[in-house]
There are 4 protein chains.
Amino acid sequence: MLNRVILIGRLTRDPELRYTPSGVAVTQFTIAVDRPFTSQGGEREADFIPVVTWRQLAETCANYLRKGRLTAVEGRIQVRNYENNEGKRVYVTEVIADNVRFLESSREGGSGNGGGAPREEAPYSGGGNRSTGNNSGGYSRGNQDPFSDDGKPIDISDDDLPF
Amino acid sequence: MLNRVILIGRLTRDPELRYTPSGVAVTQFTIAVDRPFTSQGGEREADFIPVVTWRQLAETCANYLRKGRLTAVEGRIQVRNYENNEGKRVYVTEVIADNVRFLESSREGGSGNGGGAPREEAPYSGGGNRSTGNNSGGYSRGNQDPFSDDGKPIDISDDDLPF
Amino acid sequence: MLNRVILIGRLTRDPELRYTPSGVAVTQFTIAVDRPFTSQGGEREADFIPVVTWRQLAETCANYLRKGRLTAVEGRIQVRNYENNEGKRVYVTEVIADNVRFLESSREGGSGNGGGAPREEAPYSGGGNRSTGNNSGGYSRGNQDPFSDDGKPIDISDDDLPF
Amino acid sequence: MLNRVILIGRLTRDPELRYTPSGVAVTQFTIAVDRPFTSQGGEREADFIPVVTWRQLAETCANYLRKGRLTAVEGRIQVRNYENNEGKRVYVTEVIADNVRFLESSREGGSGNGGGAPREEAPYSGGGNRSTGNNSGGYSRGNQDPFSDDGKPIDISDDDLPF
DNA sequence: TTTT
DNA sequence: TTTT
């Protein structure tokens, strides 16, 4: 009935821009948010939270965000689930963002990632997302996960868009 | 660096109260939060979001919350991970709540679950949590999951407490 | 750069619906939000926070909200200022809401205000708003306050709309 | 019943640290938060939102925040009121912060305010707050306003502390 | 495994 | 001017 999340943290990698078959942009990235306390061993800990953006916001994020950049994200928690190739139901929790603020310009900060001007075309960043196995699924219930296991966009229609 | 979540929804079941070996109370429940739009098929959808509370708040939740009750939850997103018994890393996302508001008193609303006065002793609710297999783990990195696979509290020290 | 507010409380009066000259609906109400602690004298205290909604949401609020109803409000803080008739600058802080949830249906709760079905036409609720003096102003800087001192809508154009 | 605010913006001045008679630290500053749209004239607009912090957080803010610094603030809206010297009731809305994040270190950004290392002793910054007249009041109802009209801390007890 |  |  009400579902609001606000996060401030740093990108763990460059964002990944894809397109649905009908041409809608969708970008995924993970932000590391430091916890407000240290573990019993005295180490700083962080939560690594997956974020998804759609449409215009997806393209802006792909153009301006880079690994290590401090970023504010506003959105809602979404929990989707799919059956994996072993017939087991897998739950995936993501933040569907509707507002992203770039708290560091390309000039400053960051994690030594050269960086500089925004890239005009977000190049394909290759495989390596969190899921495993050769299945895909994940959309049996109208949810949004643009990422198949081989790193190619999977089949989603515009009707899957969250707003 | 900043991690804030606010949810309003309904409990999908009665909450489960457990205690850590050192006697700290911890309560888990899931709230169903209706999405602000319907799916392409016109059906209402919801996200089912797991919530964890600790200490005094855990006991208050166990005493006053019941299945179906409208509830506001404030907290932070926590992502923990553990290796399951097949050697695969499993990610679990929960909201660690520090503020819970009961938006329906025991008198009104609810889902016809008898209910009424708060129970004085939260009875043990037994098995059936989300994890599978006979392992346990989940705490290799100082994270908080009080629930083992056989429904018994697992070994956590007070140092695991989030605040 | 980011400005987000979430409140849960009760209406102190029925909401007031007005229209701008160009016909845009705008509704104002105040919600009382209990503080999480008591004063030194042991009394419960509350903050009384003015809320403004626009367009479709304004009409829905006017139709379904009533004095005493428990309500969740999501929006942003807006601070506008104007020069009053004594030449003094007055600051007004309001929450401009973009999401309002009715946590009590007309059936239950409420403050014994008869109530029941939503009114089809929100009747004119007359004077008595917060400002004083016979001036009006308040819009010298493109801000939104639809309420003049004599209880009549003042001159705002569609361009004043916040979204 | 629930009252949560999250803001990201820049300080309009250096923060002002004061102490209550019993020695509790309290710091006030204003942050400018750009609106998500431009006015009809195409100008960027901002809301100027007063923030109050207490105790340890007050001292940290006084030591590390400076004019122009990008800052995240988490807290609750508080509306207090007092009778001014003309016998008129004045309403003051502030954000009582319980979490402040410094999004720019002393090295980078800022508004050319020399700056650098945190000051060890927050010097008295003198008069010039928003209130006017020679009265004071403002605390008849157990509210927290550490600022009297002549810029000196006024009489508040520890009991006025919000948490 | 899901709530109204 | 304030709600339960």
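Below, chain A is the first sequence line, B the second, and so on; all start at residue 1.
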May I ask you to test the Ile6(C)-Glu74(B) pair for a side-chain heavy-atom distance under 4.5 Å? no

State, yes or no, whether a side-chain contact exists between Arg35(B) and Gln78(A) at a heavy-atom distance under 4.5 Å.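 The answer is yes, as the side chains (C-beta and beyond) meet within the 4.5 Å cut-off.
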
Phosphate contact (dT1(F) OP1 or OP2) by Arg13(C) side-chain N/O below 4.0 Å: no

Going through the checks in order, is the side-chain contact (heavy atoms from CB on, under 4.5 Å) test met by Thr93(B) and Tyr91(A)? CA-CA 9 Å; Thr93(B) 303; Tyr91(A) 292 83; over 6 Å; no

Rounded distance in Å - [atom1] ([X]) to [atom2] ([N]):
X         : N      : atom1 : atom2 : result
Ile49(C)  : dT3(F) : CD1   : C1'   : 12 Å
Arg66(C)  : dT2(F) : CZ    : P     : 22 Å
Arg10(B)  : dT1(E) : CZ    : C1'   : 20 Å
Glu43(B)  : dT3(E) : CD    : P     : 15 Å
Ile8(C)   : dT3(F) : CD1   : P     : 20 Å
Leu65(B)  : dT3(E) : CG    : P     : 16 Å
Phe102(B) : dT3(E) : CZ    : P     : 21 Å
Asp47(C)  : dT1(F) : CG    : P     : 15 Å

Under the criterion side-chain contact (heavy atoms from CB on, under 4.5 Å), I'd like the reasoning laid out for Ile49(A) against Asn3(B): C-alpha separation, chi angles, the key distance, then a yes or no. CA-CA 10 Å; Ile49(A) 302 173; Asn3(B) 182 337; 4.0 Å; yes

Go through [options] for me and flag the one nearest to the [X] side chain.
X        : options                : answer
Thr30(B) : dT2(E), dT3(F), dT1(F) : dT2(E)
Arg89(D) : dT2(F), dT1(F), dT3(E) : dT1(F)
Lys67(C) : dT2(F), dT3(F), dT2(E) : dT3(F)
Tyr91(D) : dT3(F), dT3(E), dT1(F) : dT1(F)
Ala32(C) : dT1(F), dT3(F), dT3(E) : dT3(F)

May I have the step-by-step check of side-chain contact (heavy atoms from CB on, under 4.5 Å) for Asp47(B) and Ile77(A), ending in yes or no? CA-CA 8 Å; Asp47(B) 293 289; Ile77(A) 298 180; 5.8 Å; no

